[in-house]
Amino acid sequence: MTTIIRTPAEWPSVLLARAAALKDHPAMGFDDPSAALDAAVAAGAFEGLRRAVRDLGPAGTIATVATAGLRGRGGAGYPTAAKWRAAAAHGAPRYVVAHGYGADPGSLTDRALIEADPFGVVEGLAIAAIAVGATDAIVAVRAGDVEAVRRLEGVVAAAEEAGFLGEDVLGSGHDVNVLVRPVQGAYMLGEETVLLKALEGRRGQPEQRPPYPAERGLFGMPTVVQNVQTLAAVPWIVVNGAPAWAGIGSARATGTILVQVRGPERAGVAEVPLGTPLREVIALGGQPPRRHSLKAVVIGGPSGGLVPPELLDTPYDFDALRAVGAHIGSGSVIAADDRACIVDLARLLTAFCSTEACGKTIPCRIGTRRLVEIAARITDGRPRPTDLQLLADLSADMTDSALCDHERLATLPLTSGMRYFRSELDDHLLRSSCPAGVCRPIAVGAAL
Ligand SMILES: Cc1cc2nc3c(=O)[nH]c(=O)nc-3n(C[C@H](O)[C@H](O)[C@H](O)COP(=O)(O)O)c2cc1C
Ligand code: SF4
């Protein structure tokens, strides 16, 4: 099971609250999914679905999600209600897909949520399906997350039995058939158009958007693809009201989000209110060891930004992180101390992005490789005089020409590294020196 990091008692908990309340309940081993469902229902599960059906109806549900200001947790922060409205405006059949693949191997947020509270994910999926008029819904989950798959399958079967899914959900006249689909693939399987192709049984490479999946998605029909966290927030919003959700977090980034923290003392998943200063998020991973200090925070996963300690007051939210050259991405927040070489770190992250690029479009396929080559020249101590300019120009061209977000984001480690750690870069470029002592053969730093 994934490690959950405890947060300060005054921080609100939404996504992991029921799991915490039921953690010692004997049924939560999921050996008997019906017993687990009974326990969860007694703790409030499926009350949101009941209210959405009984009190709100599809239009009222979408309006509530809009008023709450819920934005997608899969990385881009797109307004959830806008996606639902777009799908509902296009012809049936429609689909809803709960995205629980968790593409970043270093972030277990989605797996942690599914293991902790699969009820919230399935309930949110059912509410979304009824709101947009979809009768078929899919939970896509990483096949290797065996426990998550087992729990989801158990909950879906038990919820059908109890009348929360299947024909005529809670006597509403709406049918919602939920299929759990274990999927396995590379990093790019996380991109929504690739995931949809995989669900169709086809080889996956990203498609140009628009049209967005909400208009033309699974089998060419309107499809809402929503991260599992986004869906799990919906029942809570319906039960507690949009103002309660909007009261958590910051004005343009409401509610809580799961973060994968990796610090010197501990690593695990924590639920934090959006807008929490980065300083408090990174502190959940503990303090650097004696005689060492924090040098950078890697935010957003392999295509993440490198943010210096001077920016630790930045709120952890979609727009504020984008403004400093990072992004929420996979929810990963990693502390790097002064033993890390920023240039080498950026090279490693870019190399991952290059390897994982699907190869469909030339600017990304070749561009990411050229970025890695330039970075490697610098870490190897054989830079060319034009390399910095080349990095900047190439990154700008790639950002402009990107077919999918991967290409745009793959430039972030190096562009943020150049922006905030210029003196360390100059040490490599002008003085053939790596202050951290990481890059050989030029290493002359403190770690030697
Ligand atoms: C390379 C790449 C990987 C992605 N991986 C994931 C992922 O693992 N999980 C996810 O929910 N979204 C992922 N996304 C974002 C999805 O394409 C999509 O925007 C998201 O699932 C929509 O749901 P949301 O609105 O709830 O965020 C990825 C995007 C890219 C470009
Ligand atoms: S931008 Fe990169 S990852 Fe995206 S489709 Fe093109 S080659 Fe594939």
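All residue numbers in this chain count up from 1 along the given sequence. Below, all heavy atoms of this structure are taken into account, side chains as well, without hydrogens, waters or symmetry copies. Both ligands and their constituent atoms are indexed starting at 1 by order of listing.
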Looking at [X] and [Y], does any basic side-chain N land under 4.0 Å from a carboxylate oxygen?
X	Y	answer
Arg151	Asp145	no
Asp117	Arg18	yes
Arg377	Asp387	yes
Arg369	Glu373	no
Arg71	Asp319	yes

>> Are Tyr187 and His406 an aromatic pair, judged by ring center distance below 6.0 Å?
In response: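 Yes, ring centres under 6.0 Å apart.
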
No-hydrogen, no-angle side-chain donor-acceptor test under 3.5 Å, [X] and [Y]:
X	Y	value
Glu407	Thr368	no
Gln226	Trp84	yes
Thr109	Gln260	no
Asp344	Thr379	no

Give the residue, atom name and distance (to 0.1 Å) of the protein heavy atom nearest [atom].
atom	answer
atom 14 (N) of ligand 1	Gly190 O, 3.3 Å
atom 17 (O) of ligand 1	Glu192 N, 2.9 Å
atom 12 (N) of ligand 1	Gly74 O, 3.4 Å
atom 11 (O) of ligand 1	Asn227 ND2, 2.8 Å

Between ligand 1 and [X], is the shortest N or O to N or O distance under 3.5 Å?
X	result
Asp405	no
Thr230	yes
His406	no

Within a distance under 4.0 Å of any heavy atom of [X], pick out the atoms of ligand 1 and give their elements.
X	value
Gln226	23 (O), 24 (P), 25 (O), 26 (O)
Gly102	8 (O)
Lys83	22 (C), 23 (O), 24 (P), 25 (O)
Tyr187	1 (C)
Val225	22 (C), 23 (O)

>> Is it the case that over 12 heavy atoms from other parts of the model lie below 6.0 angstrom from the CZ atom of Arg266?
In response: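 Result for CZ/Arg266: enclosed.
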
> So which of Arg408, Glu191, His99, Glu356 gets nearest to atom 9 (N) of ligand 1, if we judge by its closest heavy atom?
Replying inline: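 Ranked by closest heavy atom to atom 9 (N) of ligand 1, first place is His99.
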
> Is Ala103 touching ligand 1 with its side chain, its backbone, both, or neither, if touching means heavy atoms under 4.0 Å apart?
Replying inline: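 Both of them.
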
> salt bridge (Lys or Arg N to Asp or Glu O under 4.0 Å) with Lys197: which of Glu191, Glu207, Glu192?
Replying inline: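 Between Lys197 and the candidates, salt bridge (Lys or Arg N to Asp or Glu O under 4.0 Å) is satisfied uniquely by Glu207.
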
> Does Ser107 use its side chain to pair, donor to acceptor, with the backbone of Gly331 at less than 3.5 Å?
Replying inline: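 Answer holds: no.
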
> In the protein, how many N/O/S atoms are under 2.8 Å from atom 2 (Fe) of ligand 2?
Replying inline: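 There are 1 of them.
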
> Is the closest heavy-atom distance from Ala76 to ligand 1 below 4.0 Å?
Replying inline: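 In this structure, Ala76 fails to qualify as a contact of ligand 1 - no heavy atom is under 4.0 Å.
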
> Has Gln229 got any heavy atom lying under 4.0 angstrom from an atom of ligand 1?
Replying inline: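 No; Gln229 lies far enough from ligand 1 that no heavy-atom distance drops under 4.0 Å.
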
>> When you compare the side chain of Ile334 with that of Val297, does any pair of heavy atoms fall below 4.5 Å?
In response: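 No. Closest side-chain heavy atoms not under 4.5 Å.
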
